[in-house]
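Written below as structure tokens is the structure these notes are about.
A note on names: the letters A, B, ... follow the listed sequences, proteins ahead of strands, and every chain is numbered from 1.
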Amino acid sequence: MAERTRLAVVGAGPAGLAGALAAAARGVRVTLVDAAEQAGGQFFRRPAEAFAARRPPAPHPREHTWERLRDALDRYRAAGTVTHLTEHHVWCVERLPASRGFAVHALCGPAQEEGVTVRADAVLLATGGYERVLPFPGWTLPGVVTAGGAQAVLKGQLVLPGRTVVVAGTGPLLLPVAAGLAEAGARVAALVESAGPRALLRRAPALAGQPGKVAEGVHYAARLLRYGVRPLARHTVVEAHGADRLEAVTVAALDRGGRLAPGTARRVRCDALAVGHGLLPHTDLAETLGCALSGTDVRVDTEQRTDVPGVWAAGETTGVGGADLALAEGHIAGRSIAARLRGTAPDPRAWAVADRARTRLRAFAAALDAVYAPPSDWVDRMTDDTTVCRCEEVGAGRVREAVGALGAGDARSVKLLTRAGMGWCQGRMCGPAVAGLTGCPLTPGRRPFARPVPLGVLAGLPEPRPD
Amino acid sequence: MSPAQPAGSRPAAVFTVTFDGLPIAASPGQTVAAALWTAGVTAWRGTRGGGRPRGVFCGIGVCFDCLVTVNGRPNQRACLVPLRPGDVIRTQEGTGHEDG
Ligand SMILES: Cc1cc2nc3c(=O)[nH]c(=O)nc-3n(C[C@H](O)[C@@H](O)[C@H](O)COP(=O)(O)OP(=O)(O)OC[C@H]3O[C@@H](n4cnc5c(N)ncnc54)[C@H](O)[C@@H]3O)c2cc1C
Ligand code: FES
């Protein structure tokens, strides 16, 4: 029946790995559950095992950190302290009555129709994030992919989205994505960033506090220069063109106010567009557990505890800030869990180094967040026939109608009136655009389950026994 | 150049699968999406409403745009499902069910 463990960690990215290893080092029996074939998450994603690749397709900036994490994971697995369940998609973490801990429900098998349950006394949620893409005309054409998605398929599957790629949007992810694509053999026709260099300068003090992180950006920019790619700052992709697949994009400059500068539009031929406007945290497992959020992030205290006893969270789930922040938060969570499971209060001085890193990196992330902003008129530039909800094929015009004529005041009413957000992705892709059109802040989706669940799996769950 | 070169990858034996009846090459560990991209195919679904072509969007299993029919089973995410020798991949129209 259900496997039993002390700590279940959901997500084997930087945060989950750091948490699992810190807890295991203190004698905690850990089960690490992840949807992917291998550990690493997004940042440390490796080529599929069967490819027998000797290295990633482009040099990884933190190869040594990865080797250290991987070796430690191998050691604890060999010793039986850590069990790593790969290709397990967690659809719900359930709090069992009478303090009997948690049941982590996952789907596995090739069609994800087999149910598996892990019982645990504590849970660390380290599910990372996914990309936000703000719609524009043509963004549903095949060949338009998310920037992180292009990176993920390249790193994991060693294949390019096209021969000639435009990388566009906003955020610190665009530089490594463009560098990775160029080094793997794609022609990067343009790197289009809507933020302007002035915004960077205004935030200089906060950014200067992290010379290492700034150097990382400079390093990617230098690598790109070798391929003749110069980032186009304060520019945006206005439209993607093509009949049944992408053939070109229109790129235009933005003025100081972040609006389209007239007369600057030009066409760039390409067969792939890798586009992204920052990341959003995965919070569905936390929401089902009843954990409080702040904005779109799972709220945690200084020990990375959520407000539900026994549930910790770390990494992008608690706010987007990059892999180093995820590592620091995961480490603190793992140490806190080890102490709390023994029934003692941890001594925060023991993780002072990680704590300082966390403080610094959170400040850095906040500064970046202010620098990297989408164009200010992105909502107005969605034409009425621009698809907003990709699953249910709902255009911006129908959402505008729901908001204007029908008086919908929030995403929920828009969903009921238009079906935007009712499809397979459960509103993850259209959420930001619906919020923009409605004039409301983005609120988490209140999804009952993190993954669509086959009825057979639901029916096969044991009844909770009163005891 | 293929990205497999800088990665020094030497995939094990290549095998064949079919896409809409035509043979395409695949290797162990490759997902449906990666094999289709390698074969130059970018779309393998027609949407339910407008019959519009779709393929990979998020690449990590979140968007469900890449749904495809594998061995008669519709609604499989091409970006996640690894291929096995002899797999039969079909473009998914609408819900992928006859009545769809
Ligand atoms: C597509 C994508 C590509 C990215 N590429 C880069 C990059 O190249 N460079 C960079 O600096 N940053 C990249 N990032 C940013 C990334 O978020 C890193 O900052 C870092 O990996 C975050 O670490 P994390 O541990 O919080 O989450 P992640 O690394 O995202 O790890 C989360 C893990 O949880 C697993 N997971 C999530 N939900 C479930 C579930 N329900 N059941 C089971 N497992 C689950 C995932 O499979 C994943 O392995 C990328 C982000 C995305 C979304
Ligand atoms: S591309 Fe998004 S789920 Fe496969």
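Contacts between residues 73-81 of chain B and chain A, defined by a heavy-atom separation under 4.5 Å, are made by B:Arg73, B:Asn75, B:Gln76, B:Arg77, B:Leu80, B:Val81. For a heavy-atom cut-off of 4.5 Å, chain A lies close to B:Ala34, B:Trp37, B:Thr38, B:Gly40 in residues 34-41 of chain B.
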(request) May I have the step-by-step check of side-chain contact (heavy atoms from CB on, under 4.5 Å) for A:Gln157 and A:Phe51, ending in yes or no? (result) CA-CA 8 Å; A:Gln157 291 284 318; A:Phe51 290 2; 3.7 Å; yes
(message) One pair to check against side-chain contact (heavy atoms from CB on, under 4.5 Å): A:Val320 and A:Leu280. What are the steps and the verdict?
(response) CA-CA 7 Å; A:Val320 170; A:Leu280 288 169; over 6 Å; no
(request) List the steps and the verdict of side-chain contact (heavy atoms from CB on, under 4.5 Å) for B:Trp44 and B:Ile89. (result) CA-CA 9 Å; B:Trp44 46 82; B:Ile89 312 160; 5.9 Å; no
(request) Start with the C-alpha gap between B:Glu93 and B:Arg54, add the side-chain angles, then the distance that decides, and say whether salt bridge (charged side-chain N to carboxylate O under 4.0 Å, His left out) holds. (result) CA-CA 10 Å; B:Glu93 296 299 343; B:Arg54 295 283 176 84; over 6 Å; no
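Using a 4.0 Å cut-off between charged side-chain N and carboxylate O, A:Lys155 and A:Glu183 make no salt bridge.
With a threshold of 4.5 angstrom between heavy atoms, A:Pro161 approaches chain B through its backbone and through its side chain. Contact annotation for A:Ala450: neither backbone nor side-chain heavy atoms come within less than 4.5 Å of a heavy atom of chain B. A:Arg390 touches chain B through backbone and side chain together, each having a heavy atom under 4.5 Å away. Residue A:Glu393 touches chain B through its side chain alone, counting heavy-atom pairs closer than 4.5 Å. Contact annotation for A:Gln38: neither backbone nor side-chain heavy atoms come within less than 4.5 Å of a heavy atom of chain B. For A:Arg45, the part lying under 4.5 angstrom from a heavy atom of chain B is the side chain only. Proximity to chain B is absent for every atom of A:Gln151, based on heavy atoms less than 4.5 angstrom apart.
For residues 23-39 of chain B, no pair satisfies salt bridge (charged side-chain N to carboxylate O under 4.0 Å, His left out), with sequence neighbours left out. A salt bridge (charged side-chain N to carboxylate O under 4.0 Å, His left out) check over residues 418-429 of chain A, counting only residues at least two apart or in different chains, returns the pairs A:Asp284-A:Arg428, A:Glu392-A:Arg419.
Side-chain contact of B:Asp20 with B:Thr91: a donor-acceptor pair under 3.5 Å is present, judged by distance alone.
Ranked by heavy-atom pairs under 4.5 Å with chain A, the list B:Ala33, B:Gly59, B:Cys63 is led by B:Cys63.
Residues B:Phe57 and A:Trp139 place their aromatic rings such that the two centres sit under 6.0 Å apart.
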